[in-house]
Amino acid sequence: MQCKKVSISLPSEMMTFVDHYQNYAGCKSRSQVIEEALELLKVRELERAYREASLENDPIWEATTMDGLSDEMW
């Protein structure tokens, strides 16, 4: 994977947490800590999108997916 270098600014208490987590979790670098955090954020956003999508109700789709099937069959 090709990486790009960026510079970020974090509050002191957040950097303290990053350093602590790096040592505690055995991460090779601060970058690895930030990468893990961003992966968790990505998963959280994907879960949110799936939840929102599951709330959508399309009556036409529901009618066609069960076309010809009765409740007794399930």
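Along the sequence shown, residues are numbered consecutively beginning with 1.
Put simply, OG1 on Thr16 and CG on Leu10 are 10.5 Å apart, with the number rounded to the nearest 0.5 Å. Once rounded to the nearest 0.5 Å, the distance linking CD of Gln22 with CD of Gln32 reads 8.0 Å.
Under the side-chain hydrogen bond (donor to acceptor under 3.5 Å, both in side chains) criterion, Glu13 pairs with no residue at all, not counting sequence neighbours.
Hydrophobic clustering (side-chain heavy atoms under 4.5 Å, transitive across Ile, Leu, Val, Met, Phe, Trp, Tyr) groups Leu38 together with Val33.
Grouped with Tyr50 in one hydrophobic cluster are Leu46, the linkage being side-chain heavy-atom contacts under 4.5 Å among Ile, Leu, Val, Met, Phe, Trp and Tyr residues.
Around the CE atom of Met14, the shell of radius 6.0 Å holds no more than 12 heavy atoms that belong to other residues, nucleotides or ligands.
Between Tyr21 and Tyr24, the ring planes are tilted. Angles from 30° to 60° get that label.
Comment: Arg44 does not engage Glu47 in a salt bridge, judged by the lack of any side-chain N to carboxylate O separation of less than 4.0 angstrom. A salt bridge does not link Lys42 with Glu45: none of the charged nitrogens is closer than 4.0 Å to a carboxylate oxygen.
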